[in-house]
Amino acid sequence: MSIIKMLDEFSSENLMSKKSSRRDMFGTLSSFGKKAAIAAVPFGLASKSTKASAATSMFFDHVGPLQLALTLEYLEAEFYLRALESGVLEGGSREETAFMQISKHESAHVDFLMAALAEDSIDSPTFDFTAGGAFDPFNEGDTSMEVSRAQMLALAQAFEDTGVRAYKGQAGALMGTPYLEPALQIHSVEAKHASEIRRIRGLKGWITGNDRGDGMPEATQDVYDGEEVTSQAGIDLVGYDYGDSPIAGDVTAAVTQAFDEPMSGETATAIASLFIVDES
Amino acid sequence: MKKPVVKLELQDGKNSGSSRRRFIKMSSLAFAGSTLLYACSEDDDFNPGMEPEPEPEPEPEVFDLGSGDLGILNYAYALEQLEAAFYTAVRSGSYYSGAPAEEQELFDDLYNHEVIHREFFRTAIAAATADTPEAMLPDLEFDLEAAGIDINSRDSVLATAMLLEDTGVSAYNGAGDRIAMADYLVIAGKIVSVEARHASAIRSLLNPNSPDFAGDDVIDENGLDPAADPADIYSAVVDLDVVATPFTANNLPAPQHES
C-alpha cells in the first residue's frame with residue numbers, strides 16, 4: 001500500500017470500521033508480550049458494560065493511529081538526519097546540539113513504532129522537505145545559508161508542534177489498548193522538543209492563541225489553527241474569577257497557552273502530505 | 001462525615017516584616033497511615049463540638065483521593081495545587097524580583113498556567129462532586145521551607161521547578177491508562193504536553209546549549225518519557241516533606257494494561 005493511499009484511507013471513515021481478525025490482533029500484540037494481549041481481552045469485554053464505549057470499538061483500530069504516528073516519525077527522523085548532514089547548522093551551536101538530541105529520539109520512535117506495528121508496519125514515504133520548491137532548508141539550491149537555517153528551524157517547529165497535536169488527537173482511539181501509554185510517552189517528548197525549538201527561535205515554549213509565531217511561513221498556519229480554545233470541558237477559563245491568584249498579563253493568552261489542543265488525523269495527514277512525494 | 005479542616009494560608013511576607021519570605025504555612029501534622037487516623041477521627045466524632053482544650057487538636061480525618069476517574073482528577077488537582085503554590089511563592093521571592101526580564105516572564109507564564117490548571121480542576125471536580133462534596137480534594141497546605149526549598153535562590157527555584165515539571169509529566173503519562181472517560185483523557189493530554197514544554201524550558205535555562213531540555217536522565221533509549229505509577233509519585237511527593245496536609249492515595253484505579 002502506498003503511503004498516500006494509507007493516509008487517504010486513514011482519513012476516511014472506512015478505516016475506523018475496519019476490523020482486524022482476532023488472529024491478527026494477537027499477532028500484532030505479540031511484540032508487547034502475550035501477557036498484555038491476554039490482559040486486554042477482559043477489558044474489552046468489560047468495557048461493554050461501562051461508560052468507556054469508545055474502547056471496545058477502537059480496540060482493533062490501533063493500527064491506523066500508529067501508522068499515522070510512524071509516518072510522522074519517519075518524516076521527523078529523516079528531516080533531522082538530513083539537517084545534520086547538510087552543514088547548515090554551525091558545529092557546536094545550540095541548534096546543532098538540540099537537533100542531535102531530537103534526531104536520536106525521532107529515530108528511536110521510528111524503531112519503536114515499527115516494532116509495535118510488527119506486520120502492520122509501513123515503509124517510509126519519500127519526503128521532499130522543499131515542499132515542491134517552497135523551502136530550501138538543507139541549502140541545496142542557491143538560497144543563502146541564513147535563510148536555509150531559518151527555514152530549517154521553522155520546519156522543525158512546525159513538525160514538533162504538529163507531532164504534539166497529532167499524538168494527542170489519537171489518544172482517544174488508543175484508549176484501552178497497550179499502545180496508549182507509550183504513545184503518551186512519545187507525545188510528551190515531542191512537546192519537549194517543540195519547546196526547545198521554539199525557544200531557539202526566540203518564541204515562548206508554548207503556543208499563544210493560534211499564533212504560529214514570528215518568522216513562521218504562512219503555510220504552517222494549519223499547525224496552529226484550533227489552538228485558540230478558551231473553554232475546557234465547558235468551563236470558561238477566560239471569564240473565570242481567579243480571586244487571590246490573578247493571572248499575570250493577558251488572561252486569554254495565558255488560558256490558550258495552558259492547554260495544547262488535539263489535531264485530527266485528517267489535518268495531521270494534510271500537513272505531512274505537503275512533504276511527501278506521491279509515487280503512486 | 002466531617003470535612004477535613006485544611007486550608008491554604010499564604011502569609012503575606014510584605015507585612016510581616018519577616019523578610020520577603022512568603023511561605024506556605026504549615027499547621028498540620030506528620031504524615032501517617034490512613035487507617036489509624038481514620039479510626040481516630042471516628043472516635044473524635046463521639047464527642048463533637050468539645051471546644052475547651054485546643055491542644056491537642058483532634059486529628060483531622062485524612063482525605064483519600066478516591067477511586068475511578070474522580071480519584072485521578074483529585075490526583076491531578078493535588079499536583080496542580082502544589083505547582084501553583086510553588087510558582088505563587090516564587091513570584092514573591094527575591095530571586096524573582098531580581099531576575100532578568102526573560103526569567104521573570106518565564107515564571108509569570110508558569111504561574112499562570114499552573115493556576116489555570118488548578119482552577120480548572122477545582123471547577124471540574126466541584127461539578128463532578130456536586131452531590132458528594134466531601135469527595136473533592138480540599139485546598140492543600142504546603143511547606144516549602146520544610147522541604148528545603150529556598151524561593152530566594154535561583155538554584156533552588158530552578159531545581160524545584162524542574163523536579164515538579166518532570167514529576168508532572170511522568171504522573172500524567174502514568175495516569176492516562178487509568179482513565180475511563182475519553183473526555184478526561186483528552187484533557188490530561190492537553191495539560192501534560194504543556195507540563196512537558198515547561199520542563200524543557202526550565203531544563204534549558206538550567207543548562208543552556210545542552211541536550212538537557214529532553215535529557216537522557218529522563219528519556220529512555222526508545223525515546224520515551226517516563227510514565228510513573230501514582231503510588232510512586234505519591235511516595236516521592238510525600239518524601240519531599242512539602243505537603244503539609246496529609247492525604248492518601250489508596251484507591252486509585254489500576255492501569256488497564258501493563259506496558
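Both the backbone and the side chain of N222(B) have a heavy atom closer than 4.5 Å to some heavy atom of chain A. With a 4.5 Å cut-off on non-hydrogen atoms, H187(A) touches chain B through its side chain but not through its backbone. Proximity to chain B is limited to the side chain of R198(A), based on heavy atoms less than 4.5 angstrom apart. With a 4.5 angstrom heavy-atom cutoff, E221(B) touches chain A only via backbone atoms. If you measure heavy-atom distances from S170(B) to chain A, you find no contacts under 4.5 Å at all. Contacts between L185(B) and chain A at a heavy-atom distance below 4.5 Å involve the side chain alone, from C-beta outward. With a threshold of 4.5 angstrom between heavy atoms, Y111(B) approaches chain A through side-chain atoms but not through N, CA, C or O. Contact annotation for I186(A): both backbone and side-chain heavy atoms come within less than 4.5 Å of a heavy atom of chain B. Using a 4.5 Å cut-off between heavy atoms, A199(B) touches chain A through its side chain atoms alone. Contact of P208(B) with chain A is not made at all, since no heavy-atom distance falls under 4.5 Å. Residue L110(B) touches chain A through its side chain alone, counting heavy-atom pairs closer than 4.5 Å.
The closest side-chain donor-acceptor pair between Q101(A) and D216(B) falls under 3.5 angstrom. For S204(B) and E196(A), the side-chain atoms include at least one donor-acceptor pair closer than 3.5 Å.
Proximity of a side-chain donor or acceptor of R197(B) to a complementary backbone N or O of W206(A) within less than 3.5 Å is not detected. The backbone N or O of A248(A) sits less than 3.5 Å from a side-chain atom of N112(B), completing a donor-acceptor pair. Side-chain N or O atoms of K190(B) include none that pairs as donor or acceptor with a backbone N or O of F259(A) at under 3.5 Å. Counting only distance, with no hydrogens or angles, the side chain of H117(B) and the backbone of A258(A) share a donor-acceptor pair below 3.5 Å.
The distance from the CD1 atom of I235(A) to the CZ atom of F121(B) is 9.5 Å, given to the nearest 0.5 Å. From F213(B), atom CZ reaches atom CZ of R94(A) across 9.0 Å, with rounding to the nearest 0.5 Å. Between the NZ atom in K104(A) and the CD1 atom in I219(B) there is a gap of 8.5 Å [rounded to 0.5 Å]. Note that OG1 of T208(A) is 7.5 Å distant from CG of D109(B), once rounded to the nearest 0.5 Å.
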Report the C-alpha separation of N209(B) and T97(A) in whole Å, then their side-chain angles, then the decisive distance to 0.1 Å, and conclude whether the side chain to side chain contact (heavy atoms under 4.5 Å, CB included) test is met.
CA-CA 7 Å; N209(B) 309 331; T97(A) 303; 5.5 Å; no

Should K192(A) and E165(B) be marked as a side chain to side chain contact (heavy atoms under 4.5 Å, CB included) after you check the CA-CA gap, both sets of side-chain angles, and the distance that decides it?
CA-CA 11 Å; K192(A) 289 178 176 176; E165(B) 299 295 347; over 6 Å; no

Audit row: L180(A), Q256(B), side chain to side chain contact (heavy atoms under 4.5 Å, CB included) steps and yes/no
CA-CA 10 Å; L180(A) 173 64; Q256(B) 293 167 2; 5.9 Å; no

What verdict does the side-chain hydrogen bond (donor to acceptor under 3.5 Å, both in side chains) test give for Q257(A) and H113(B), after you've listed the backbone C-alpha separation in whole Å, the side-chain angles of each residue and the deciding distance to 0.1 Å?
CA-CA 7 Å; Q257(A) 289 165 3; H113(B) 302 167; 2.7 Å; yes

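The residue among S188(A), A183(A), A108(A) with the most heavy atom pairs within less than 4.5 Å of chain B is S188(A). The choice from D108(B), V218(B), T123(B), V169(B) that makes the most heavy-atom pairs within less than 4.5 Å of chain A is T123(B). No other option in G249(A), A254(A), S195(A) has as many heavy-atom pairs under 4.5 Å with chain B as S195(A). With chain B as partner, the option from P246(A), S93(A), G234(A) having the largest number of non-hydrogen pairs under 4.5 angstrom is P246(A). No other option in I207(A), D111(A), I200(A) has as many heavy-atom pairs under 4.5 Å with chain B as I207(A).
Residue G223(B) comes nearest to V189(A) through the heavy atom pair O-CG2, 3.5 Å, listed as atom of the first residue, atom of the second, then distance. Here the closest heavy-atom approach between residue I187(B) and residue Q232(A) is recorded as CD1-OE1, 3.8 Å. Of all the heavy atoms in V164(A) and S193(B), the pair that sits closest is CG1-CB, 3.6 Å. Heavy atoms only, all atoms of each residue included: I116(B) and L237(A) are closest at CG2-CD1, 4.1 Å.
None of E114(B), E119(B), R118(B) except one satisfies the side-chain hydrogen bond (donor to acceptor under 3.5 Å, both in side chains) rule with S245(A); the exception is R118(B).
K204(A) and E105(B) are joined by a salt bridge, as a carboxylate oxygen and a charged side-chain nitrogen come within less than 4.0 angstrom of each other.
The local environment of CG in D214(A) is sparse, with at most 12 non-hydrogen atoms from other residues, nucleotides or ligands closer than 6.0 Å.
Inter-residue side-chain proximity for P255(B) and E181(A) is flagged as unmet; no heavy-atom pair is nearer than 4.5 Å.
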